[in-house]
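Note that these values count all heavy atoms, side chains included, but never hydrogens, waters or copies made by symmetry. The structure presented is a predicted model; accordingly, all values stated were derived computationally and were not measured. Reminder, nothing fancy here: chain letters follow the sequence lines and each chain counts from 1.
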Amino acid sequence: MKPIYALVDANNFYATCEKIFDPALATRPLVVLSNNDGCIVARSAESKALGIPMGAPIHQWKDFCTEHGVVIKSSNYTLYGDMSSRMLSILQDMCPQVESYSIDESFLNLAGYADPSTYGYLIRQRLQQDIKVTCGVGIGPTKTLSKFANHLAKKNAEFGGVFNTLDHTPEEMNRWMAAYPVSEVWGVGRQLTKRLGVDGIETVLNLARCDGVSIRKRYGIVLEKTVRELRGESCLSFEDVGQPKQQIMASRSFGTTVSDPHAIKAALTHHISRAAEKLRAQQSVCANVYVMLRTNPFREQDQQYRRTTLVPLDHASADTGVLMKAALRGLRQIFVPGLKYHKCGVMLGEIEPAGIQQTDLFAPVDDPKRLRLMSLMDSINKTQGSGTLHLASTQLSAAWQMRAGDRSPRYTTCWDELPIAYA
DNA sequence: TCTGGGGTCCTAGGACCC
DNA sequence: TCTGGGGTCCTAGGACCC
C-alpha cells in the first residue's frame, strides 16, 4: 500500500516549551537564542507579530526587545529534548510508523486509516491535551506535499490546523500552489530561489509544472525529485526511527576569540568526549576523525583561516582516548599560531556498527576493559549530569565556554530544577 | 563587544589506475 | 609534429534542512 504522509510539526516549539512551564509568559512576546546567545532561533507568535525575523543576531534587536517587552531566553536543549521525546512517544502510541525528522517534527504513515484528515485532528487534540503543544498537521501522498500541506494548515486558520491535499481537487491544489512563492517548497532555499527566479519560476505551481529532465540538467537531481514529489510522485521514502547516524559532529564557537592553543585543545577534548558518547550511545565505532578549526568570518578585519583535516584511525574505535589522540594529532597539523580563532569542532566519519568490523588476527581492536569503563562513565554521566566523570585528558578550561545568560530551568530532567507550584 | 550547531546529500576537481 | 580516456576514489565545499 502506498504511504500517506502526515507531517506533524509543533508551532513555535522552543518558545512554547518555555511558556508551558512559566505561565506568566503565556501572552508575552518571547524569543529563544542560539547557543552562545548569538542569534534568534525561535519566536513566539507575539514576537512574530512584532516583526522580529528568524535568525537575526540578537545584538541588532536588543533595544527593540527592551522597548516592546520581549522576553529573551537562552536555549535550553535539555528541556526541549525532553519535551520532544514526550511528543514522539504520543505519536508512536497513535501510529505504528513514525519517522522523527527533527526535534519538533515527525512524519507519520496514515495509509490504511479510514479518514486520515479526521485522524489528523485527533493527533492535534491529543498533543494539545497531554503536553500543551500545538501543532499543524499536513497530509499528502508525498513528503514534499505533506510539508506544503503543513504550511497551508498553519497559515490558513479556516482549516483548524489540518490540511490534507487529498481532500482537494487538482484545480484547488493548483490555486493553492499558485498562491505561494517557490521558496516555500521544502528543499528550495535562498540560492535556488534566486536562480529559479531568474528562470521565471516564482510560485510553487511554476515549479510543479517544470519538466523533470530539464530541471535535472540545470539544477541537479535533488530538485528534480522535488518537482516530481510536488506532482504526487513519491521519491523520498519513509525512514524508520532509530537509524544510526552516519556522521557525528560536535562543534561550537568559543564564547570569545581564542589564540591560546591550550584553550583550543581543551575545547577539542570536550567535543571529542561528547561525540564519542553519542557514538557509543548508538552502538557504533568510527574509523575517521575530522578536526575543524576556523576564525570568525564576520570579522573581516581579522586574518581569515579555516581548515579541516582528516585523521584515519588504524582500527575503528569508540574509545574516547583513541579518538582524542587522533583529534589532537589533527589539531597539531592545522593549528597556526597567532590567529584569532572562533570555532573548532570534530566530526566522526566511517561509522559502522560496533562488533562486526572486519579485522584480521593482527589488526588492533578496542580494549574490552577500556570499553567497559567507557560505558560505565556514560551511564553515570547520563544520570548524574553530563561531565560528572571524564577522562583526565579532558582538559577543563573556561576560556571557550558558551554564554547562556538567561536559560530557564531544566524543569523535566533535573531534580533541582523542577517547577514549583504554590497552593 | 555581540552573527548557532548538527545533520544530509550532491557535485566538482584532483589523483590515480589501467 | 604526434602524447587517451574513462572509471573510481577521495576531499572540499556548497546547498539544503531544522
Could you label the plane-to-plane angle of the His168(A) and Trp176(A) rings as parallel, tilted or perpendicular, counting under 30° as parallel and over 60° as perpendicular? perpendicular
Below 30° counts as parallel, above 60° as perpendicular, anything between as tilted: where do the rings of Phe238(A) and Tyr5(A) land? parallel
Using a cut-off of under 3.5 Å, enumerate the N/O to N/O pairs linking the protein to nucleotides 7-10 of chain B.
from, atom 1, to, atom 2, distance (Å)
dG7(B), OP2, Met249(A), N, 2.3
dG7(B), OP2, Met249(A), O, 3.1
dT8(B), OP1, Gln246(A), N, 3.3
dT8(B), OP2, Gln247(A), N, 3.3

According to a strict under-4.0 Å criterion, is [X] in side-chain N/O contact with OP1 or OP2 of [N]?
X         : N      : answer
His342(A) : dT3(B) : yes
Arg299(A) : dC2(B) : yes
Ser251(A) : dG4(B) : no

Taken in chain and number order and not counting sequence neighbours, the residues that satisfy side-chain contact (heavy atoms from CB on, under 4.5 Å) with Ala276(A) are Arg280(A), Thr320(A), Leu323(A)
Taking only residues two or more places apart in sequence, or in another chain, which ones meet Ala10(A) in a side-chain contact (heavy atoms from CB on, under 4.5 Å)? Phe13(A), Met87(A), Asp104(A), Val133(A)
Looking only at side-chain N and O atoms, does Thr66(A) offer a donor or acceptor that is under 3.5 Å from a partner on Asp63(A)? no
Could you check Cys39(A) against Tyr219(A) and say which one's nearest nucleotide on DNA chain B is further toward the 5' end? Cys39(A)
Which atom pairs, donor and acceptor, lie under 3.5 Å between side-chain atoms of residues 337-351 of chain A and protein residues at least two apart or in another chain?
from, atom 1, to, atom 2, distance (Å)
Tyr341(A), OH, Val336(A), N, 3.0
Tyr341(A), OH, Val336(A), O, 2.6

Hey, can you pull the residues of residues 4-11 of chain A with a non-hydrogen atom under 4.0 angstrom from DNA chain C? none
Report the secondary structure of DNA chain C in dot-bracket form, marking unpaired bases with a dot and bases paired to a different strand with |, and treating Watson-Crick or G-U pairs with both distances under 3.5 Å as paired. ....||||||||||||||
Of Asn288(A) and Arg306(A), whose closest DNA chain C nucleotide lies nearer the 5' terminus? Asn288(A)
